[in-house]
Amino acid sequence: MEDIQPFYVMDLLAKARALEAQGRSIIHMEIGEPDFVTPAPIREAAKRALDAGRTHYTSAVGLPALREAISGFYRDEHGAEVSPERIIVTPGASGALLLTVGVLLDPGDEILMADPGYPCNRHFARLVEGKAVGVPVGPDSGYQLNGELLRRHWTKRTVAAMLATPANPTGAVAPDDSLRDMAAVAQAKGGRLVVDEIYHGLVYEGETRSAIAVSDELFVINSFSKYFCMTGWRLGWLAAPEAYVRDLDKLAQNLFLAAPTISQYAALAAFEPETRAVLDAQRDDFRRRRDFLLPALRELGFEIPVIPQGAFYLYAECSRFTNDSYAFALDLLEHAGVAVTPGRDFGANAPERHLRFAYTTSLEKLQEGVQRLSDYLRKNY
Ligand SMILES: Cc1ncc(COP(=O)(O)O)c(C=O)c1O
């Protein structure tokens with residue numbers, strides 16, 4: 001347990017809530033989930049499932065109809081044929097990441113991941129006695145891994161590389177040609193590429209195709225949490241190479257038995273056109289927020305050298321103000337009434353010089369937040 005770090009943002013959120021309980025107003029830019037509630041058609045489908053008494057376990061790999069629907073989603077939106085047998089429905093992307101790391105890593109094996117990156121992944125590796133190796137990414141590589149970085153960091157102990165696109169905390173998207181290059185490197189090294197597409201659907205520049213279209217040999221992870229606004233339903237999925245399906249099934253049986261049944265029935269409505277219309281309108285809202293917040297933060301003196309194309313995060317260099325972003329985040333909370341996430345949640349690559357701003361709150365609140373930051377910084381710096 002000594003190797004497992006807490007999520008510092010949760011400490012910060014607890015402090016923010018305590019201040020709110022004392023009557024203070026706090027603008028939340030630390031929260032990593034959409035502020036929108038789950039669209040009505042999904043909620044209605046859940047009610048119907050509940051009324052029909054769908055309260056038992058599904059099979060460990062998921063409800064057949066949902067696996068079919070996900071397969072249809074890849075066919076219709078990404079032009080990729082993925083048989084439903086290769087799709088495993090999981091408790092969130094978290095479940096899919098844990099299963100993937102579980103089947104890929106033996107004790108002592110290494111897995112490459114971007115630093116900064118989503119922190120839970122290294123802890124999943126640790127749980128199965130593998131080792132996460134952080135590869136520093138920054139403005140030079142568009143805050144993403146690429147084939148060249150994988151070649152440079154791959155060692156005899158490496159068995160896989162993992163990335164999220166769009167990424168948390170940077171919003172960086174890996175271009176198609178880079179995904180192909182990374183898949184080729186992993187294959188040439190006899191390893192595996194894992195692509196976490198949890199922020200797919202929340203991309204504001206051009207079209208993004210799923211990495212599933214690159215090769216059947218990739219592990220491609222997704223979730224109903226972010227674009228589909230279903231964080232609390234705990235539902236995600238994994239499209240795996242055929243050779244791993246049996247092992248993943250075995251592990252899922254042991255770890256979770258199954259993903260939540262009501263959530264799976266609800267998610268059947270997630271791909272319906274009326275749901276998608278709601279979700280796409282919300283995506284446009286996220287774009288407007290990004291288009292406001294990005295120039296506003298740059299204007300205040302935060303450095304965001306590459307335009308983040310997706311997710312709902314801006315990862316900003318704050319060295320003009322501090323070399324201790326954790327203390328700075330606490331100051332901003334206490335004295336400006338703005339909650340943000342310190343870089344130390346995301347790895348060892350200059351975390352003390354970075355903050356993550358999430359635009360998971362309304363444009364009006366973001367405007368108020370920027371005003372508060374501006375007043376505070378003018379007074380103190
Ligand atoms: C990159 C990334 N992957 C996976 C997850 C886990 O999400 P969930 O288990 O809700 O699908 C998150 C959550 O923030 C994330 O940012």
Side-chain angles (χ1 to χ4, degrees), residues 5-10 12-13 28-38 42 62 66 70 87-102 111-125 127 132 134 137 143-145 161-174 193-203 208 210-211 219-239 252 255-256 258-260 263-264 266-267 270 286 308-315 341 343 345-347 356-360:
Q5 273 92 46
F7 237 156
Y8 294 102
V9 66
M10 299 314 277
L12 217 108
L13 184 59
H28 291 277
M29 297 200 217
E30 81 284 37
I31 294 175
E33 64 176 332
D35 47 328
F36 304 110
V37 295
T38 307
I42 302 177
L66 184 57
I70 294 168
I87 291 163
I88 292 139
V89 178
T90 53
S94 304
L97 289 161
L98 179 57
L99 289 181
T100 300
V101 163
I111 178 165
L112 302 178
M113 30 186 96
D115 183 352
Y118 181 62
C120 304
N121 291 333
R122 66 174 187 273
H123 297 141
F124 290 143
L127 269 183
V137 293
Y143 290 96
Q144 266 295 1
L145 293 178
M162 175 185 268
L163 70 143
T165 175
N168 179 4
T170 60
V173 171
L193 186 67
V194 182
V195 185
D196 178 354
E197 299 186 334
I198 183 169
Y199 294 101
H200 252 236
L202 297 174
V203 175
T208 10
S210 169
F219 284 73
V220 177
I221 287 164
N222 206 325
S223 172
F224 289 98
S225 284
K226 310 286 171 156
Y227 166 74
F228 295 97
C229 297
M230 294 178 70
T231 43
W233 301 73
R234 307 310 306 129
L235 201 65
W237 75 85
L238 162 66
L255 291 181
F256 324 117
S263 303
Q264 295 190 61
F286 279 125
Q309 297 139 284
F312 32 60
Y313 306 117
L314 300 176
Y315 198 58
T341 308
D345 261 341
F346 306 106
R356 186 191 74 177
F357 294 79
Y359 41 98
T360 47

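For ligands, and for the atoms within them, numbers begin at 1 and follow the listed sequence.
Scanning the protein for heavy atoms near atom 7 (O) of ligand 1, the closest one is I198 CD1, 3.2 Å. Scanning the protein heavy atoms around atom 9 (O) of ligand 1, the nearest turns out to be S94 OG, 2.5 Å.
Checked against a 3.5 angstrom limit, the closest N/O atoms of N168 and ligand 1 fall inside it. Ligand 1 has no nitrogen or oxygen under 3.5 angstrom from a nitrogen or oxygen of G92.
With D196, L98, T165, T90 as candidates, the residue nearest to atom 2 (C) of ligand 1 on a non-hydrogen basis is D196.
No donor-acceptor pair under 3.5 Å is formed between the side chain of T231 and the backbone N or O of S225. Not one N or O on the side chain of K226 forms a donor-acceptor pair closer than 3.5 Å with the backbone of G201. At least one donor-acceptor pair under 3.5 Å links the side chain of T360 to the backbone N or O of I31. D345 contributes a side-chain N or O that, together with a main-chain N or O of Y8, makes up a donor-acceptor pair within less than 3.5 Å.
Defined by atom type and a distance below 3.5 Å, a donor-acceptor pair is present between the side-chain atoms of S210 and E197.
By the 4.0 Å heavy-atom criterion, I221 is excluded from the residues contacting ligand 1. At least one heavy atom of Y199 sits closer than 4.0 Å to an atom of ligand 1.
Proximity to K226 (heavy-atom distance under 4.0 Å) selects the following atoms of ligand 1: 13 (C), 14 (O). Residue S225 approaches ligand 1 through these ligand atoms, each under 4.0 Å from one of its heavy atoms: 8 (P), 10 (O), 11 (O). With ligand atoms numbered from 1 in the order given, ligand 1 contributes 11 (O) to contacts under 4.0 Å with heavy atoms of S223. Near R234, meaning under 4.0 Å from one of its heavy atoms, ligand 1 places the atoms 8 (P), 9 (O), 10 (O).
Under the 6.0 Å cut-off for aromatic ring centres, F224 and W237 qualify, their centroids lying closer than that. Ring-centre distance between F36 and F286: below the 6.0 Å cut-off. Ring pair F312/Y199: centre-to-centre distance below 6.0 Å.
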